[in-house]
Amino acid sequence: MTTAYDEPAPATVPIDACILTTDRLVLRPLTLDEATAAHGPFHKAKSVVKYLRWEVRDHDGETDGRITKRLAGSTISRPGDGFVWAVEFKQADGSQGGEIGDVSLFAKSIRNAQFEIGWVFHPAIHGRGLATEATTAVIDLAFDQLGAHRVFAELDSRNEASARLCEILGMRQEALLKDREIVDGEWHDIAIYAVTASEWSERKARG
Ligand SMILES: CC(C)(COP(=O)(O)OP(=O)(O)OC[C@H]1O[C@@H](n2cnc3c(N)ncnc32)[C@H](O)[C@@H]1OP(=O)(O)O)[C@@H](O)C(=O)NCCC(=O)NCCS
């Protein structure tokens with residue numbers, strides 16, 4: 001007999017299934033080279049890191065632990081397991097077009113099927129709906145293949161572009177955490193946005 005407290009079976013996704021395609025984009029697992037400090041010069045642009053909540057914001061190299069975490073795994077069995085996709089334009093000849101952004105998805109709780117999503121896109125391509133397109137594909141994967149029950153994002157409350165992206169994705173603002181983090185001696189409020197599996201499928205059904 002199963003109870004509500006049983007651990008769900010870990011989700012295993014064949015690595016091929018981790019290559020996601022949309023109308024304009026290909027999302028492929030991040031490589032080791034890309035996950036190192038040399039990865040994606042746009043990640044270090046001041047305007048890009050302004051509201052990021054991790055060490056790259058300090059413009060230093062990433063820690064070994066974080067680099068490992070950013071490499072794709074195919075099994076989601078423990079909190080912290082997940083994927084980071086490099087996002088590229090789809091090329092007619094199948095070649096690689098160069099990274100324009102990345103999207104991450106990490107399990108925060110296995111038993112409760114909670115996943116956190118994150119995103120960073122090159123400033124040169126902002127405002128063309130590309131982040132919306134890529135993150136939609138990742139949320140689809142979370143609910144359809146990884147068995148997510150809730151996908152959430154945590155953002156600096158001043159991050160208007162990300163808040164707008166959350167709204168477009170049908171994520172509700174659930175909380176505003178006052179003075180949740182201190183960065184460079186300044187306290188920051190953190191907003192939490194989320195969408196549940198049923199909300200996502202209702203939204204898809206509405207089209
Ligand atoms: C958030 C981010 C991914 C959005 O990228 P994008 O390519 O512009 O996204 P889209 O084109 O899909 O647009 C999403 C919406 O955000 C809006 N938007 C984009 N930049 C904005 C800004 N500076 N202020 C307010 N809204 C903005 C777009 O207009 C669009 O809304 P609309 O369809 O109603 O016009 C991008 O700004 C980014 O990479 N920011 C830096 C990294 C970051 O802060 N990541 C989040 C960490 S939690």
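First listed ligand is number 1; within each ligand, the first listed atom is number 1. What you are looking at is a predicted structure, and each value in this text was computed from that prediction instead of being measured.
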- Below 4.5 Å, heavy atoms only, C-beta onward: do Thr22 and Thr136 meet side chain to side chain?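 Counting from C-beta outward, Thr22 and Thr136 never come under 4.5 Å.
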- Query: Quick one: does Asp179's side chain get under 4.5 Å of Asp189's, heavy atoms only?
  - Reply: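 Of all side-chain heavy-atom pairs linking Asp189 with Asp179, at least one is under 4.5 Å.
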Check [X] against [Y] and note the closest heavy-atom contact, atom names and distance.
X      : Y      : answer
Phe143 : Thr196 : CZ-C, 3.6 Å
Val151 : Ile117 : CG1-CG2, 3.8 Å
Ile110 : Ala107 : CD1-CB, 3.8 Å

- Could you go step by step and tell me if Phe83 and Trp85 meet the ring-ring contact (aromatic ring centres under 6.0 Å, His included) rule? CA-CA 6 Å; Phe83 303 90; Trp85 290 268; 5.4 Å; yes
Any idea which atoms of ligand 1 are less than 4.0 Å away from a heavy-atom of [X]?
X      : result
Leu130 : 11 (O), 12 (O)
Glu154 : 48 (S)
Val120 : 39 (O)
Gly127 : 6 (P), 7 (O), 8 (O), 11 (O)
Thr132 : 10 (P), 12 (O), 14 (C)
Ile168 : 14 (C), 15 (C), 30 (C), 31 (O), 32 (P), 33 (O)

- Item | Per atom 23 (N) of ligand 1, closest listed option by heavy atom (Ala131, Gly129, Ala161, Pro123) |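 Result: the heavy atom closest to atom 23 (N) of ligand 1 is in Ala161.
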- Message: Considering His126, Arg164, Glu167 one by one, which has a heavy atom nearer to atom 32 (P) of ligand 1 than any of the others?
- Response: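 Minimum heavy-atom distance to atom 32 (P) of ligand 1 goes to Arg164.
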- Could you grab the distance from atom OG1 of Thr135 to atom CE of Met171, nearest 0.5 Å is fine?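 Taking OG1 in Thr135 and CE in Met171, the distance rounds to 8.5 Å.
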- Query: Are any of the N or O atoms of Asn159 closer than 3.5 Å to those of ligand 1?
  - Reply: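 Between Asn159 and ligand 1 (N or O atoms, distance only) the closest approach is under 3.5 Å.
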- State whether the shortest distance between N or O atoms of Phe121 and N or O atoms of ligand 1 falls below 3.5 angstrom.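 By distance alone, the answer is yes.
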Answer yes or no for [X]: is there a heavy-atom contact with ligand 1 below 4.0 Å?
X      : value
His122 : no
Ala153 : no
Gly118 : no

- Query: Any ion pair linking Glu154 and Lys108 (charged N to carboxylate O, less than 4.0 Å)?
  - Reply: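 Looking at Lys108 and Glu154, the cut-off is not met.
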- Query: Only one of Leu169, Leu155, Leu165 forms a side chain to side chain contact (heavy atoms under 4.5 Å, CB included) with Tyr193, so which one is it?
  - Reply: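 Among Leu169, Leu155, Leu165, the one meeting side chain to side chain contact (heavy atoms under 4.5 Å, CB included) with Tyr193 is Leu155.
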